[in-house]
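Note that this is a predicted model, so its numbers are computed, not measured. FYI, the numbering just counts along the sequence from 1.
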Amino acid sequence: MENKVIYALWVGMSPERKRLNFAIELIKNSKNIHLICIGNTEKYAGNDRIHILGRVSDDIFIKILSGL
């Protein structure tokens, strides 16, 4: 079985309320899932599969949602 990368997207301004820490823990325990985080996420350190983008423009957000 081929390992294909799966991308998950987290978007929000309230990481605690929207449970970003839970999403990060799920990603850390997987082998082929990457997490893209957009919003108020500056205090969360990632690893090579957790991509913290912070705030992005509407144009970039639309590109991410459409799969670039």
Side-chain angles (χ1 to χ4, degrees):
M1 184 173 179
E2 184 179 328
N3 286 336
K4 294 188 178 186
V5 175
I6 298 168
Y7 288 94
L9 178 63
W10 182 95
V11 179
M13 296 306 295
S14 179
E16 292 81 19
R17 184 175 60 83
K18 292 184 97 176
R19 301 192 61 184
L20 176 57
N21 58 339
F22 181 72
I24 288 173
E25 286 304 313
L26 288 175
I27 298 305
K28 285 181 180 177
N29 294 325
S30 73
K31 295 184 185 212
N32 65 335
I33 300 176
H34 286 236
L35 179 64
I36 299 170
C37 301
I38 297 173
N40 185 19
T41 58
E42 289 82 15
K43 71 178 188 174
Y44 290 87
N47 65 26
D48 62 335
R49 289 178 289 112
I50 300 171
H51 311 281
I52 307 289
L53 300 182
R55 294 180 186 208
V56 298
S57 69
D58 290 344
D59 293 340
I60 300 286
F61 183 64
I62 290 169
K63 286 180 182 179
I64 290 170
L65 286 178
S66 65
L68 299 176

*For V5 and R49, run side chain to side chain contact (heavy atoms under 4.5 Å, CB included): C-alpha distance rounded to whole Å, both residues' side-chain angles, the deciding distance at 0.1 Å, then the answer.*
CA-CA 10 Å; V5 175; R49 289 178 289 112; over 6 Å; no
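In this structure, H51 and H34 have parallel ring planes: the angle between them is below the 30° cut-off, well short of the 60° mark.
Applying the side-chain contact (heavy atoms from CB on, under 4.5 Å) criterion to S14, with sequence neighbours excluded, gives R17. Every side-chain contact (heavy atoms from CB on, under 4.5 Å) that F61 has, sequence neighbours left out, goes to V11, I38, V56, L65. Checked against side-chain contact (heavy atoms from CB on, under 4.5 Å), R19 has the following partners two or more places apart in sequence or in another chain: N21, F22. For I6, the side-chain contact (heavy atoms from CB on, under 4.5 Å) criterion is met by N32, I33, not counting sequence neighbours.
A heavy-atom distance below 4.5 Å is found between the side chains of I36 and Y7.
Judged by distance alone, with hydrogens and angles left aside, the side-chain atoms of R55 form no donor-acceptor pair with the main-chain N or O of N40 at under 3.5 Å.
To the nearest 0.5 Å, atoms SG (C37) and CG (L9) are separated by 8.0 Å. Separation of atoms CD1 (I27) and CG (L20) is listed at 10.0 Å; rounding is to 0.5 Å.
Placement of L53 and I60 within a single hydrophobic cluster is found when ILVMFWY residues are connected by side-chain heavy-atom separations under 4.5 Å, directly or transitively.
Counting non-hydrogen atoms of neighbouring residues, nucleotides and ligands closer than 6.0 angstrom, the CG atom of D58 reaches no more than 12 such neighbours.
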